[in-house]
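The structure appears below as structure tokens.
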Amino acid sequence: MSIIELLRLALSRLRTSRLRAALTMLGVIIGVASVVALVGVGQGTTANITSRLNALGTNLLTISPTGKGASDGTLTLDDSEAIAKVDGVAAVAPEVSTSQTVTRGTTSTDTTVVGTTAAYASVRAFDVWQGTFLTTPAVDLGLRVAVLGATTADNLGITAQDLGAEIRVGGIPYQVIGILQPKGGSGFQDPDDQVVVPVGSVQKYFVGGDSVRTIGVSTTDGASQDTVTADITALLRNRHELAPSDDDDFNVFNQTQLLAAATSIAGTLALLLGGIASISLVVGGIGIMNIMLVSVRERTREIGIRKAVGARGRDILAQFLVEALTLSLLGGLIGIAVGLLVSAGIGRLAGWGFTLSPTTIGVAVLFSLIVGVVFGVWPARQAARLDPITALRYE
Amino acid sequence: MSAPIISLAHVSRIYEMGHVTVPALDDVSLDVHEGEFVAIVGPSGSGKSTMMNILGCLDRPTAGSYSLAGTAVESLGDDALARVRSRTIGFVFQSYNLLPRTTALDNVATPLLYQGIRGAERRRRATAALGRLGLADRLDHEPTELSGGQQQRVAVARAIVTEPALILADEPTGNLDSHAGAEVMALFRELNAAGRTIVLITHDAEVAAAAGRQIHLRDGRVAA
């Protein structure tokens, strides 16, 4: 019997019991749809994380203190200046941040106040939209001038015309000299919600001491991040007078490491979700097996008749196997369509768009075929082995 | 006389039920020649059904040899038996045994499917067979839409569609009223007159009387 004959038989059989066929397929549909949707979501998340990290600047190193009382900080402005002289370093921006209420007139907002130097814009890849960024003289003199992130400016109702206006940061008056270009992205930490002021003023008015929270370093194009990291580590160990047996009291984060870590986490997450979803695929397969076993029993007489008029065991086997495969494959195809719709919907809601992955679809089709064979072969063998005499007498 | 189509030589079929052995057929020898219309008659328990299973190649004898249309079938495997059934035998059963939810046309075409004949040819031959039995206007009817007599005629069409050497009928009138039963018997005589070999198995002496020769079975043996 040709495969077309077998398909025709299977389809006409499924047509006569549509509801049962639909319910049986539902298991596979749900399984395949959740695999496709969750893998799609996983891929979307990965792409999203990668693009956000890239927006932060790929040649960025971040140095932060570790060990006891990290907030005390072992990093200083002098460290920052020393790092600036390391080979391959393009710019260095020490950062001290604090949470403050910022007011303008009667409008106020809670935001992050970052004390830093003029290099901050180039290290963190910010562009100025209006006015100017912090200048080195302003930073050296510790002037009370502020550059607003786009979101903060918006919250305070400050537009291009309001440059030079006075705001109060934690009660201290500052003059607005610039507004930053928005970076976009709507994560739970908005990079556009911040006030950038000279580092000295934050140390003086808000946090005290002369330590800094982090030091951002941008490397020159073509410089090896690993080499620069090693040089900075050596320099800081020397400056902090650490014995060879001591642990570092600081950490140098490499943007590419961070990217790799984040991507790998997202990949693991996608795999985990896909794994959970494939459990439902297996359950769907068991549903098919169940229905096929019932069907073999119900159609015992039909099997007997077919054998009497000349069907061999393998003809019966093929008939029932193709029926199970038709169920699983049809369910798989519907499941793929549903899964793609769901992941497109989620992608649209989350704002990372939608990518159609041929691999996922191929794997989903393959899986539903495997489910059909694995869970269809046993009932089909049962059918093929029936003795025609008993099958004909079966009521 | 021509060579026998059916030749049973010392055929026994013994069923083992636990420690008890039941000989359903006990040393049966008989020949059926081409063009004959033979009735195998016997009360229930006489071994009729076992005879039907053996003759129909649905079962193998425990001992003895059975040659069908020149093929020794007692030693064939399941697939080979299926092939013999497909090429050589047309079955007509008491309870029609049509495929449910399948049109008369597809029912009649099913044996051809297992001979590997293509769709268009299957339809042509099945239509012709149904036409010969006066069912040309019932091609698309499913078994539940047909009367008992019509269903049995569809079954006869299915039996003759492969042009088999032997038509094997097991109580073909058992489920029919006397009128429809008489029609089916007339059909068998017609087919026999056209040269077909028919073996009819029945407990009904009246039905058996329609056949050209009667073989009486009693307790698994051929009665004299």
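Residue numbers start from 1 in every chain, and the chains themselves are labelled A, B, ... in the order their sequence lines are given, proteins ahead of strands.
Residue A:Arg385: no heavy atom, backbone or side chain, is found under 4.5 Å from chain B. There is no contact between B:Asp78 and chain A, counting heavy-atom distances below 4.5 Å. Contact of B:Arg158 with chain A is made through the side chain alone, with heavy-atom distances under 4.5 Å.
Counted by atom type alone, B:Thr102 and A:Arg13 present zero donor-acceptor pairs between their side chains at under 3.5 Å.
Counting all heavy atoms, side chain and backbone alike, A:Ala308 lies closest to B:Phe91 at O-CE1, 3.3 Å. Across all non-hydrogen atoms, the minimal contact from A:Leu392 to B:Asn97 is CD2-ND2, 3.3 Å. The nearest pair of heavy atoms linking A:Ala311 to B:Ala82 is O-CB, 3.7 Å. Taking each heavy atom of A:Ile305 and B:Leu98 in turn, the nearest pair found is CD1-O, 3.6 Å. Across every non-hydrogen atom of A:Gly313 and B:Asp79, the tightest pair is N-OD1, 4.0 Å. The shortest non-hydrogen separation linking A:Arg301 to B:Ser95 is NH2-OG, 2.7 Å.
Atoms CG and CG, on A:Leu9 and B:Leu113 in that order, are 6.0 Å from each other to the nearest 0.5 Å. The distance from the CG atom of B:Leu58 to the CD1 atom of A:Ile389 is 5.5 Å, given to the nearest 0.5 Å.
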Next item on the list: Evaluate side chain to side chain contact (heavy atoms under 4.5 Å, CB included) for A:Arg15 paired with B:Arg101, printing each intermediate quantity in order.
Entry: CA-CA 10 Å; A:Arg15 262 201 299 276; B:Arg101 279 165 293 180; over 6 Å; no
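Applying the 6.0 Å contact sphere to CZ of B:Arg87 captures more than 12 heavy atoms from other residues, nucleotides or ligands. Within 6.0 Å of the CZ atom in A:Arg381, the count of heavy atoms belonging to other residues, nucleotides or ligands does not exceed 12. The local environment of CZ in A:Arg20 is crowded, with over 12 non-hydrogen atoms from other residues, nucleotides or ligands closer than 6.0 Å. Within a 6.0 Å radius of CZ in B:Arg125, other residues, nucleotides and ligands contribute more than 12 heavy atoms. Within 6.0 Å of CZ on A:Phe367 lie no more than 12 heavy atoms contributed by other residues, nucleotides or ligands.
The pair B:Arg118-A:Glu5 does not count as a salt bridge, with every side-chain nitrogen at least 4.0 angstrom from each carboxylate oxygen.
Interface remark: of the candidates A:Arg306, A:Arg8, A:Glu302, A:Arg306 forms the most heavy-atom pairs closer than 4.5 Å to chain B.
The closest side-chain heavy-atom distance from A:Arg312 to B:Ser86 is not below 4.5 Å.
Partners of B:Ile167 according to the side-chain contact (heavy atoms from CB on, under 4.5 Å) rule, which considers only residues two or more places apart in sequence or in another chain, are B:Val92, B:Ile160, B:Pro164, B:Phe188, B:Leu191, B:Arg196, B:Ile198.
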